[in-house]
Chemist: 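One structure follows; several queries about it will come next.
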Amino acid sequence: MTVTRRAFLASVCAAGLAAGLPRPIRAQPEGSVLQMPPLLDATSSGAFDLVAQDAETAFIGRTASATWGFNNQTFLGPTLRLAANRAVAASVTNHLTEPFALHWHGLLVPGYADGGPHMPIEPKKKWSIELDINQPPATIWYHSHTHLHTANHVQKGLAGVIQLSDGRDDERGLPTEYGIDDLTLVIQDRRFDRRGKMVYDPGMHDEMMGFTGDVILVNGQVGAKAVVPRGIVRLRLLNGSNARVYDLASRAGRLLHLVATDAGFLDRPTTIEVLRLAPGERAEVLIDFTDGTNDVLVSGPNPNVGMMGGGMMGGGMMGRTQKAGFDILPIEVGSTHATRIERLPESLDGVMPDLVALGAFRRDITLDMGMGGMMRRRDKRHSINGQSFDMDKLNFSVQRGVTEIWTIEGQMMAHPLHIHGVVFQVLSENGGPVSPRNRGWKDTVLVDGRVEIAVQFDQPASADKPFMFHCHILEHEDGGMMGQFAVV
Ligand code: C2O
Ligand code: CU
Ligand code: CU
């Protein structure tokens, strides 16, 4: 252990000198207890700073992988806790050697503050922006949204969770002790080479179907287990993967009590057995551990292998996660922390969406990935309504304050559609009723066939700092399955 650390430090110092910057380092002890990202609570200060830097992380064994993180985290960034109803002075500093843009996914702020691809932060530069937050409490996130490089940046670690809080979760009867009975779980899948080095080497198949890996990271950790008190435990789940869709469940058969979707609380907990979570989506669930027995959070195989099937092009590179269910996180019930909450709340104060969209403008959105895409340029492989993303072309303008109905169709496979600067209500899925996980307010929805949504456009966005709408399979996004709109 000591030897490993010293060896790491030596190589890190050499690299750090070369780059002129310190490179933090973290080695992952095996079978360890899951760590939360550090909590950066800005609810009273009203200000936070994020600094992105180069680092190395040993995910498996002693092999270090080149990674990126924020605020001296070697991979990912701190969990930001922000007041749901007050302005916060944010700054993002770039200590990397390439530009990146940082988007607040789920934050309802104007286009100029949204951190999309039109707002890159150059190396050594600092972006200071006032975020005037006024929305219901929710678990949202931040991640790189850099033109053509989002997939690579996010897999390298440029992401983190944001908790929008109104300080009233104790009144709601919800677990609130960060990392104890209120766990933040960033779920991602990665590929590693034989030596344990993380690799991102998307081939044609990955650019078509999205990049999936066969090793699961939770908060950037491989093989860690969570230890929870005997009682009700809250999991704030973020699918921060580039492309993998999870079907989350308890191995012991415990029910998942869904209390919040992307944009905030439901009116009451909804019980589900399997929670499908697509890239970009968040969900908060409560699980009852009062009987004291251990469990494992598991996932079914990726349901999103498309019409071509899972095996056709994959060859040997698909791991076991493609074929069978797999473990996400072992959960052990410990006695270090006293039970705090033993009963599920009967109701929550979330307001369920009920948009009246009579006479609303209707827009048809097709997420296309034609087979001819393989022949095209890397950034023109995918498209929306036949047009690949073009930074210089506004796709449409919406009048501020209106509600529109979008009918979204996904080709070939399921696509998680995300829209910036808005929240929406799912009205129907394939002409039928909305599944329980999609009944709350959403900003990202898995389109598996055809989905109809009602979208409320309240935040302004100018034509030169527009909002994006795109598939959250990041290889699709970088591949052109994205558009942009103004709200005026
Ligand atoms: Cu989470 Cu446009 O992204
Ligand atoms: Cu977003
Ligand atoms: Cu897609």
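When a ligand or atom number is given, it counts from 1 through the structure's own listing order. Note that this is a predicted model, so its numbers are computed, not measured. We use all heavy atoms of the structure for the numbers below, so side chains are in, but hydrogens, waters and symmetry mates are not.
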Chemist: Report the angle formed at the Cu ion (ligand 3) by atom ND1 of His415 and atom SG of Cys471, rounding to the nearest 10°.
Modeler: 130°
Chemist: Determine yes or no for a side-chain-to-main-chain donor-acceptor pair under 3.5 angstrom, with His103 supplying the side chain and Asp114 the backbone.
Modeler: yes
Chemist: Distance check below 2.8 Å: does His382 bring an N, O or S atom to the Cu ion (ligand 3)?
Modeler: no
Chemist: With a 4.5 Å cut-off on side-chain heavy atoms, are Leu348 and Pro269 touching?
Modeler: yes
Chemist: Quick check: of its N, O or S atoms, which one does His476 have closest to the Cu ion (ligand 3)?
Modeler: ND1
Chemist: Check the pair Tyr200 / Trp68 against ring pair (Phe, Tyr, Trp, His ring centres under 6.0 Å), numbers first and verdict last.
Modeler: CA-CA 13 Å; Tyr200 182 67; Trp68 290 344; over 10 Å; no
Chemist: Please work out the angle at atom 1 (Cu) of ligand 1 defined by atom NE2 of His472 on one side and atom ND1 of His105 on the other, rounded to 10°.
Modeler: 100°
Chemist: Below 2.8 Å, can you find an N, O or S atom of His103 next to the Cu ion (ligand 2)?
Modeler: yes
Chemist: Side-chain contact test, heavy atoms from C-beta onward, threshold under 4.5 Å: evaluate it for Asp364 versus Asn385 and give yes or no.
Modeler: no
Chemist: Does any donor atom in the side chain of Glu98 or His153 lie under 3.5 Å from an acceptor atom in the other side chain?
Modeler: yes
Chemist: Please determine whether His143 has a backbone or side-chain N, O or S atom lying under 2.8 Å from atom 1 (Cu) of ligand 1.
Modeler: yes
Chemist: Would you indicate whether Glu122, at its atom CD, is surrounded by more than 12 heavy atoms from other residues, nucleotides or ligands within a distance under 6.0 Å?
Modeler: yes
Chemist: Decide, counting backbone as well as side-chain atoms, whether His105 has an N, O or S atom less than 2.8 Å from the Cu ion (ligand 2).
Modeler: no
